[in-house]
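This report refers to the structure that appears directly beneath it.
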Amino acid sequence: MLASEGESVFPFRASWLSPSELIYTADGRITRRPRRPRPERGIVSAHTAQAFSEMTMGFEQQTKTEEWVPLTDPDLFREASYVDGAWCAADDGTHIEVSNPADGSVVGQVPDMGADETRRAIAAARRAFPAWRSLLPQERGALLQAWYRLMLEHKEDLATLMTLEQGKPLAEALGEIDYAASFIEWFAEEAKRAYGDTVPSHLPGRRLVVVREPIGVVATVTPWNFPSAMLTRKAAAALAAGCTVVARPASETPFSALALAELADRAGLPAGVFSVLTGRAPAIVGELCANPNVRAVSFTGSTEIGRLLLAQGASTVKKMSMELGGHAPFIVFPDVDFEEAVAGAMVAKFQTSGQDCLAANRIFVHEELYERFVAAFAEATAALRVGPGLEPDVQIGPLMNEKAVAKCEEHVADALEKGARLLAGGRRHDLGGLFFEPTVLADVTPEMKICREETFGPVAAVIPFGDEATVIEAANDTEYGLAAYVYARDIGRIWRVVDRLEYGMVAVNGVKMTGPPIPFGGVKQSGLGREGSRYGIDEYTELKYVCFGAT
Ligand code: NAP
């Protein structure tokens with residue numbers, strides 16, 4: 001069983017009976033509950049939506065998107081944006097459909113909002129800011145703690161929703177909910193510790209003080225591969241600092257973010273403090289970047305879109321935080337515990353089905369171990385269980401979309417054409433759709449595309465190396481600099497290699513390295529700024545220097 005970002009238990013079994021009739025079994029019980037009608041145009045209050053929900057219990061499904069959603073708390077499934085404390089449709093009533101990557105069925109639809117709705121959400125966040133920042137950090141912390149507890153209470157539903165829209169195995173989704181919630185708990189505590197400084201004065205008769213203030217309205221833009229954790233890692237820090245947040249989740253995975261909005265509402269976050277907008281990216285994100293009332297944008301996604309947003313934010317000189325792409329090297333020296341290194345490479349490559357910014361994209365193995373390593377790695381890869389994420393014991397789910405599958409095919413074909421050896425997988429999976437076989441390519445060389453671009457799928461590239469200097473140079477030969485992995489025992493070598501790797505994060509003799517206490521982030525074109533840890537709050541605060549005349 002692959003490890004996931006957080007430890008998780010798999011407390012129930014879920015199965016598919018047919019794509020259009022989802023059945024969720026918990027303790028042998030079948031739950032079939034109707035979904036509420038979608039709110040019509042205009043603002044619908046949360047209370048009204050709740051009343052709709054209660055009124056419609058027991059109604060038969062009427063449209064394709066009003067199928068059964070397998071949640072014990074169906075109110076977590078929201079097909080509306082959450083703005084200024086209310087559930088809303090798009091002004092023009094249009095929607096975007098969200099599909100299940102495991103079988104292409106429609107999970108639901110969300111409003112296709114645009115610039116006008118975005119401006120209203122920003123205005124609401126601006127109105128909410130003075131009161132929110134004025135709360136004691138303990139008071140903001142208490143509301144965040146309530147949000148955190150609600151996430152854990154509804155962990156199974158949140159994970160099921162995530163697997164439905166994102167495709168990842170349910171065990172990994174459960175791990176992500178723990179991981180996502182942990183950032184809320186962490187920053188609920190950090191709110192109390194946003195310390196400033198007193199500075200020894202260089203001016204006679206003066207007292208010098210530096211205070212840390214919330215920056216204002218913060219926009220978050222997040223990807224589909226970690227739909228909950230990428231959002232909470234930003235929003236919890238911003239909210240704790242006293243900022244208000246307008247969140248824009250990825251089009252493929254809006255329901256996880258909307259469920260978090262529902263829980264934020266239940267936790268008692270005031271209207272306008274945390275809004276979630278769904279719809280096409282260019283209109284919403286374009287407005288978030290251009291609007292002078294948004295003071296910071298925090299983005300996680302590809303380096304390509306990160307560059308675009310940096311340019312868009314320049315017109316209003318916004319503070320921009322960027323968590324961008326990665327191309328992690330995984331370096332195995334000869335003096336390692338062989339089994340541990342193979343197991344580590346399996347997790348580092350295949351968790352989140354390879355759709356992970358931390359994925360080990362280039363596995364460098366010393367030539368003394370090379371043939372033995374690729375044989376063991378290929379055998380373990382071929383044994384991975386591929387299937388829909390809600391099926392028990394699945395380790396590799398579907399990819400997010402057709403583009404992702406096509407990229408895996410392209411990288412495999414390009415590598416084979418240029419002389420790589422195929423040791424496992426290599427093609428679309430027999431399950432069809434968006435499933436791709438876990439794949440191992442050996443003898444990969446720098447001119448192959450897989451050595452340059454993020455594959456973002458379950459295709460592993462293994463590369464032999466002879467000496468330390470060569471492998472460090474090869475590992476750094478990329479525009480990316482997010483994470484790197486090193487397996488070695490010689491302590492001198494470990495420090496030499498760690499010192500010279502141009503990466504924001506390095507894991508030595510292990511794979512799991514993330515969590516709230518660490519500063520997550522990359523160097524070079526993998527990003528700007530850090531998330532989590534005591535540094536995470538810096539992205540959402542400004543320093544104000546006050547010079548007191550003390551005479
Ligand atoms: P992406 O295509 O860059 O999309 C990320 C976000 O930007 C989504 O919300 C997307 O919306 C939005 N977006 C897309 N085009 C846009 C445009 N023209 N203007 C404004 N916004 C736009 O990335 P992705 O494919 O979702 O995620 C995978 C990438 O994220 C990988 O490169 C991965 O390495 C990176 N990532 C990095 C980290 C990290 O912490 N460093 C963590 C996770 C993922 P739509 O959904 O509507 O396209």
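First listed ligand is number 1; within each ligand, the first listed atom is number 1.
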For [X], the ligand 1 atoms whose distance to one of its heavy atoms is below 4.0 Å:
X: Glu252; result: 46 (O)
X: Gly325; result: 32 (O), 34 (O)
X: Val285; result: 20 (C), 21 (N)
X: Phe299; result: 3 (O), 5 (C), 6 (C), 7 (O)
X: Ala250; result: 9 (O), 46 (O)
X: Leu308; result: 17 (C), 18 (N), 19 (N)
X: Val221; result: 6 (C), 7 (O), 9 (O)
X: Phe520; result: 39 (C), 40 (O)

Give me the residue, atom name and distance of the protein heavy atom closest to [atom].
atom: atom 3 (O) of ligand 1; answer: Ser302 OG, 2.6 Å
atom: atom 28 (C) of ligand 1; answer: Phe456 CE2, 3.5 Å
atom: atom 27 (O) of ligand 1; answer: Pro223 CB, 3.4 Å
atom: atom 15 (N) of ligand 1; answer: Ile305 CD1, 3.4 Å
atom: atom 47 (O) of ligand 1; answer: Ser251 OG, 2.4 Å
atom: atom 38 (C) of ligand 1; answer: Cys357 SG, 3.1 Å

Heavy atom of protein inside 4.0 Å of atom 36 (N) of ligand 1, strictly below: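 Looking at atom 36 (N) of ligand 1, one finds that a protein heavy atom does lie closer than 4.0 Å.
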Nearest neighbour of atom 11 (O) of ligand 1 from the list Glu453, Arg248, Arg307, Gln355, on a heavy-atom basis: Arg248
Shortest heavy-atom approach to atom 22 (C) of ligand 1 - which of Ala281, Gly521, Ala247: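 Of the listed residues, Ala281 has the closest heavy atom.
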State whether the shortest distance between N or O atoms of [X] and N or O atoms of ligand 1 falls below 3.5 angstrom.
X: Ser526; value: no
X: Asn225; value: no
X: Arg233; value: yes
X: Thr222; value: yes
X: Gln312; value: no
X: Leu324; value: yes

salt_bridge([X], [Y]) N-O dist < 4.0 Å:
X: Asp91; Y: Arg120; answer: yes
X: Glu262; Y: Arg78; answer: yes
X: Asp538; Y: Arg212; answer: yes
X: Glu287; Y: Arg119; answer: yes
X: Arg307; Y: Glu479; answer: yes
X: Glu539; Y: Arg530; answer: no

Any heavy atom of [X] closer to ligand 1 than 4.0 angstrom?
X: Trp224; answer: yes
X: Glu531; answer: no
X: Gly326; answer: yes
X: Leu309; answer: yes

Chi angles and distances behind the side-chain hydrogen bond (donor to acceptor under 3.5 Å, both in side chains) call for Thr439, Glu437: CA-CA 6 Å; Thr439 297; Glu437 290 178 342; 5.4 Å; no
Aromatic ring proximity, centroids under 6.0 angstrom, Phe520 and Trp186: no
Sub-6.0 Å ring centroid separation between Phe330 and Phe364: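 Ring centroids of Phe330 and Phe364 are no less than 6.0 Å from each other.
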Polar side chain donor-acceptor pair, Lys234 to Thr220, under 3.5 angstrom: no
Salt bridge (Lys or Arg N to Asp or Glu O under 4.0 Å) assessment of Glu176 paired with Lys168: CA-CA 10 Å; Glu176 183 181 338; Lys168 65 176 66 181; 2.6 Å; yes
Per-residue contact class, Glu454 against ligand 1 - non-hydrogen pairs under 4.0 Å: side chain
Residues in side chain to side chain contact (heavy atoms under 4.5 Å, CB included) contact with Cys408, at least two apart in sequence or another chain: Leu399, Phe436, Thr455, Pro458, Val459
Arg280 and Glu117: CA distance, side-chain angles, deciding distance, salt bridge (Lys or Arg N to Asp or Glu O under 4.0 Å) verdict: CA-CA 12 Å; Arg280 273 169 241 276; Glu117 295 93 324; over 6 Å; no
Passing candidate, ring-ring contact (aromatic ring centres under 6.0 Å, His included) with Phe274, options Trp147, Tyr82, Phe129: Trp147
Derivation of the salt bridge (Lys or Arg N to Asp or Glu O under 4.0 Å) call for Asp414 and Arg452: CA-CA 12 Å; Asp414 173 76; Arg452 301 268 147 221; over 6 Å; no
Glu410 and Lys449: CA distance, side-chain angles, deciding distance, salt bridge (Lys or Arg N to Asp or Glu O under 4.0 Å) verdict: CA-CA 9 Å; Glu410 182 194 341; Lys449 283 185 183 173; 2.6 Å; yes
